2 protein chains.
Amino acid sequence: MPDTRPDDDRSVLSRTMRILQSFRAEDRGVGLSELTRRTGLPKATVHRIAQDLVAARMLAATERGYRLGRGLFELGMLAAPERSLIEVAIPFMQDLFLRTHETVHLGILEGTEVVYISKIGGHRQAPTPTRLGGRMPLYCTAIGKALLAHAPQQIVDEVLSGPLDRRTPRTVVAPGLLRGQLEQVVELGVAYEYEESMPGIACIAAAVLDANDRPLAAISVAGPSTRFRPDKHSTSVRAAAAGTASILARRRLTALPDEN
Amino acid sequence: MPDTRPDDDRSVLSRTMRILQSFRAEDRGVGLSELTRRTGLPKATVHRIAQDLVAARMLAATERGYRLGRGLFELGMLAAPERSLIEVAIPFMQDLFLRTHETVHLGILEGTEVVYISKIGGHRQAPTPTRLGGRMPLYCTAIGKALLAHAPQQIVDEVLSGPLDRRTPRTVVAPGLLRGQLEQVVELGVAYEYEESMPGIACIAAAVLDANDRPLAAISVAGPSTRFRPDKHSTSVRAAAAGTASILARRRLTALPDEN
DNA sequence: GCGTTCCGGTCCACTCAGTGGACCACAGCC
DNA sequence: GGCTGTGGTCCACTGAGTGGACCGGAACGC
């Protein structure tokens, strides 16, 4: 559904945002012309704004072109609730890693997707498709289902009525089946994924809830489906999520009203 | 020393940056008036830009006021070299944590300061003054000294000639003494800190170097000076740094020319 | 050699987005 | 009542931002 106001294309700020957001995770350096193409803005405009962004350390100019700058990284790290969430969760994620020696994720709900905000793992990590700061759909990941199961009805409906892409042969694309799974997640306190987002990966997750049972985040353990038995770790994962939640509660951090 | 160009106060972008950078780590929500005071900008201007930033998800409006938004966090996570650095370093930091059960840091050189880009630790962490995305001086931290010892002469001179604040009774504030320590760091491959940045904390760090011996980052282990013996872990810390460096080298990631 | 097509970067007259002083409504407080 | 703080809005003026046109160079094909 389109925004009521067509997002004011003409403001400097929205153009700036358009430039910043045109960067993708995979690119190492984006040239001026490429940025011009991606944003649809006049070349001179892109050039000028890019220069200003470089001066502000939000972009860095390299031989290969522009890339996102360290200033952006530092600012991003200052984003408050995420930071304290990470700091509180890390020791519990450590515990999980010690027990499993598999990849441990921390993710938050953002629209109809998960955003991964922390990830720890050893040298022999399963090749998970996740990146720090990256996104994945809710319906086909353990973290996603854990979050979705505790999310407001409105979001559940939106996800279930939206297109459910069959990412692997095992992806659950039947809304009814998915809804049943979500009920089970609430009942069990954990969510599972068996090769639903990527072949070869199995995963178990539990939600970190605030005092009002709203999901602040979710913690998961993922491993190769060949050797990793998710159900063996339900107690540990639940404990990690509950531990994180209780410390956050003690710090009186409630979920802030959804931004936007 | 003032900038040659007075940083173009009048551009929308620089005002925006001024607003974003006026946020501090400790504040949970900043009101409009407070922002106006911090930035020195007219209230109407701050208000308008803040609204735009909220629309762009760079700020979030709460009852308490504004705080940095999740969009900023996500963009920051996309900042490329830091992200791959973190991903490569994490397993080695894990190893260090398993051996020591103390707080493990990953930091990069930024001007004449360290910026901490990753931090893992258990439940009984030493009360380190570091935050993710936070900064500390180079001259009084183990990570700082490890970075400085391998930094270009120009930066070394700048730090040694600059004011060396005596942060604790043990802070090394004599430039000559510090220069000697830096030589030793290169020789030993590790840098030490004994309560130089904060009483009660001891720390050991090693630099992650690229193919040209430029410091990409440094890894440290910090613990309470009562029980933690930094010198017991020099081999492990060196190994973690060297391991990270060798994987980065294999990925052909060389240090990009300093931005700005 | 020459033409073509890409690139990053610059110029500068026009104009509309951004400005900011003045203003409003409200909530505490004395 | 008056005073002082807050968040938020209004709107006539103007200079910051715009962007089409333009460099100079590099890499191609012929």
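Small disclaimer: the values here were computed from a predicted structure and weren't measured. All chains are named by letter (A, B, ...) in the order of the sequence lines, taking the proteins before the strands, and each is independently numbered beginning at 1.
Taking atom CD on B:E63 and atom P on D:dT6, their separation rounds to 18 Å, with Å as the unit. Residue B:R18 contributes atom CZ, which lies 14 Å from atom C1' of C:dT19 at whole-angstrom precision. Atom CD in B:E34 sits about 13 Å away from atom C1' in D:dG5, given to the nearest Å. We find that CG of A:L32 is positioned 10 Å from P of C:dT10, with the value rounded to whole Å. Here C:dG9 presents its P atom at 15 Å from CD1 of A:I49, a figure rounded to the nearest Å.
Contacts of B:G65 with the nucleic acid, taken as non-hydrogen atoms under 4.0 Å apart, are absent.
Atom CD1 of A:I108 is separated from atom CG of A:L147 by 9.0 Å, given to the nearest 0.5 angstrom. Considering CZ of A:F73 and CG of A:L68, their distance stands at 12.0 Å, rounded to 0.5 Å.
Closest contact between the side chain of B:V12 and the listed nucleotides D:dG7, D:dG17, C:dC11 involves D:dG17. Listed nucleotides D:dT18, C:dG20, D:dG17 differ in distance to B:A44; the shortest reach to its side chain belongs to C:dG20. Of the candidates C:dT10, C:dG18, C:dC23, C:dC23 carries the atom nearest the B:K43 side chain, counting heavy atoms from C-beta on. Listed nucleotides: C:dC7, D:dG20, D:dG8. Nearest to the side chain of A:R37: C:dC7.
Taking only side-chain nitrogens and oxygens, A:H47 never comes nearer than 4.0 Å to OP1 or OP2 of C:dG8.
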